[in-house]
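Working notes, beginning with the structure itself.
Only heavy atoms go into these numbers, but all of them, side chains included; no hydrogens, no water, no symmetry mates. Bear in mind the structure is a predicted one, so any value in this text is a computation, not a measurement.
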Amino acid sequence: MAAQKINEAHEHIAKAEKWAIEQAGMMMKEQKKMPEAIQYIEKACMMYMENGTPDTAAMALDRAGKLIEPINLEKAVDLYQKAAGVFENEDRLRQAVELLGKASRLLVRLKRLDEAAVALQKEKNMYKEIENFPMCFKKTTAQVLIHLHRGDYVAADKCVRESYSLPGYSGSEDCVAMETLLQGYDEQDEDQVYRVCNSPLLKYMDNDYAKLAISLRVPGGGSKKKKAAAAPQGGASGAPAAAEEEDDYEGGLC
């Protein structure tokens, strides 16, 4: 009986300590001492983990990420990834993948594209595991944009080819857009790339990925129309050939 009371007392003390640390973190935040606030919150999270309440720890890390994000993106990425790791260990993949998504978008914003590509693949794998295939399609599009910005056409193409195995991907709007984008990029056709990247499908993605789309440029690219006009066919002036090219594009590509 005495031992039970001692254990209960220790539990109360531990809860009080965690509460005190979190409150100290909140107070530091109000005093605009954000780095110190995050340190206190992280310490509280470690105690939550040690005391068998990982969900509480993950939620606290998520809150800490939101607090620090406006002033320190690198630290926010670290906190979101830690929180995702806690949820993943608890087999709560829906919560984990949501936090990974936050980290991936910030990595893009930080222009750490190699890391963003790895993070996106992990997201995609999780969405596949929980059978959320439409989100897998969106992650494939984000992967393609990142790899093309990295100048890695082969990796971008591989992402699309691997996604053919996803139920419903082949022939979907997402798939057709990526096939058209990759074709335009490979053929150095800026017009085609521009049209895909400025289509509603890509323009209304999460803001960080939409910015990748509208800023994508084709190395050494040009316009098919201009190239065709520069190499006349038929008459001496070449005007009929240029007109034919205009007609080909009248209906758009998508």
Side-chain angles (χ1 to χ4, degrees), residues 18 21-22 25-26 29 34 37-147 150 155 158-160 162-163 165-169 174 204-212:
K18 287 184 285 186
I21 291 170
E22 276 205 319
M26 292 303 108
K29 176 205 166 189
M34 198 63 73
I38 299 303
Q39 285 179 4
Y40 278 115
I41 293 171
E42 283 189 287
K43 188 174 180 181
C45 291
M46 290 300 297
M47 295 180 72
Y48 285 131
M49 293 289 291
E50 290 165 5
N51 285 277
T53 52
D55 284 4
T56 307
M59 289 186 285
L61 287 166
D62 182 20
R63 288 200 302 274
K66 289 174 186 171
L67 289 176
I68 202 73
E69 188 175 319
I71 59 171
N72 189 333
L73 293 179
E74 288 88 350
K75 186 61 181 176
V77 168
D78 176 56
L79 292 167
Y80 289 142
Q81 289 178 331
K82 283 179 179 175
V86 174
F87 277 131
E88 186 179 3
N89 289 337
E90 295 299 305
D91 289 324
R92 296 184 58 180
L93 297 188
R94 284 177 174 79
Q95 288 84 356
V97 76
E98 183 180 336
L99 288 158
L100 278 178
K102 292 182 181 182
S104 299
R105 290 191 292 274
L106 294 187
L107 286 169
V108 169
R109 203 176 303 172
L110 288 163
K111 303 191 187 311
R112 288 160 54 180
L113 298 185
D114 290 350
E115 293 171 71
V118 173
L120 267 167
Q121 184 61 49
K122 188 169 184 179
E123 273 188 79
K124 189 171 166 181
N125 291 341
M126 280 192 184
Y127 278 120
K128 186 176 179 180
E129 193 169 340
I130 62 178
E131 299 186 345
N132 187 339
F133 299 117
M135 283 303 295
C136 291
F137 302 173
K138 302 304 178 191
K139 297 306 168 183
T140 298
T141 298
Q143 285 180 305
V144 169
L145 291 170
I146 284 174
H147 286 311
R150 293 173 62 244
K158 183 182 176 184
C159 286
V160 174
E162 288 178 344
S163 294
S165 63
L166 296 169
Y169 184 71
D174 302 83
Y204 297 117
M205 294 178 74
D206 286 319
N207 196 41
D208 293 297
Y209 300 127
K211 286 181 178 178
L212 285 182

Got a donor-acceptor contact below 3.5 angstrom from the N89 side chain to the G85 backbone? yes
Checking the side chain of T53 only, and the main-chain atoms of Y48 only, is there a donor and an acceptor separated by less than 3.5 Å? yes
First locate atom [atom1] of [X], then atom [atom2] of [Y], and finally report the distance between them rounded to the nearest 0.5 Å.
| X | Y | atom1 | atom2 | value |
| --- | --- | --- | --- | --- |
| K139 | M126 | NZ | CE | 12.0 Å |
| L107 | L100 | CG | CG | 10.0 Å |
| I38 | L67 | CD1 | CG | 5.0 Å |
| L61 | K82 | CG | NZ | 7.0 Å |
| E98 | Y80 | CD | OH | 10.5 Å |
| D174 | T141 | CG | OG1 | 4.5 Å |

Work out which heavy atom in [X] is nearest to a heavy atom in [Y]; give both atom names and the distance.
| X | Y | result |
| --- | --- | --- |
| D114 | R150 | OD1-NE, 2.6 Å |
| A103 | V77 | O-CG2, 4.1 Å |
| C45 | A57 | SG-O, 3.4 Å |
| A117 | I146 | CB-CG2, 4.1 Å |
| V108 | L113 | CA-CD2, 4.2 Å |
| L166 | C136 | CD1-CB, 3.6 Å |

Side-chain contact test, heavy atoms from C-beta onward, threshold under 4.5 Å: evaluate it for [X] versus [Y] and give yes or no.
| X | Y | result |
| --- | --- | --- |
| S163 | K124 | yes |
| I130 | M135 | no |
| Q81 | E115 | no |
| Q95 | E90 | no |
| L79 | E42 | yes |
| L120 | Y209 | yes |
| K66 | K102 | yes |
| K211 | R109 | no |

Consider only side-chain N and O atoms of N125 and E129, and report whether a donor and an acceptor are under 3.5 Å apart. no
Could you check F87 against V97 for side-chain contact (heavy atoms from CB on, under 4.5 Å), going step by step and ending with a plain yes or no? CA-CA 9 Å; F87 277 131; V97 76; over 6 Å; no
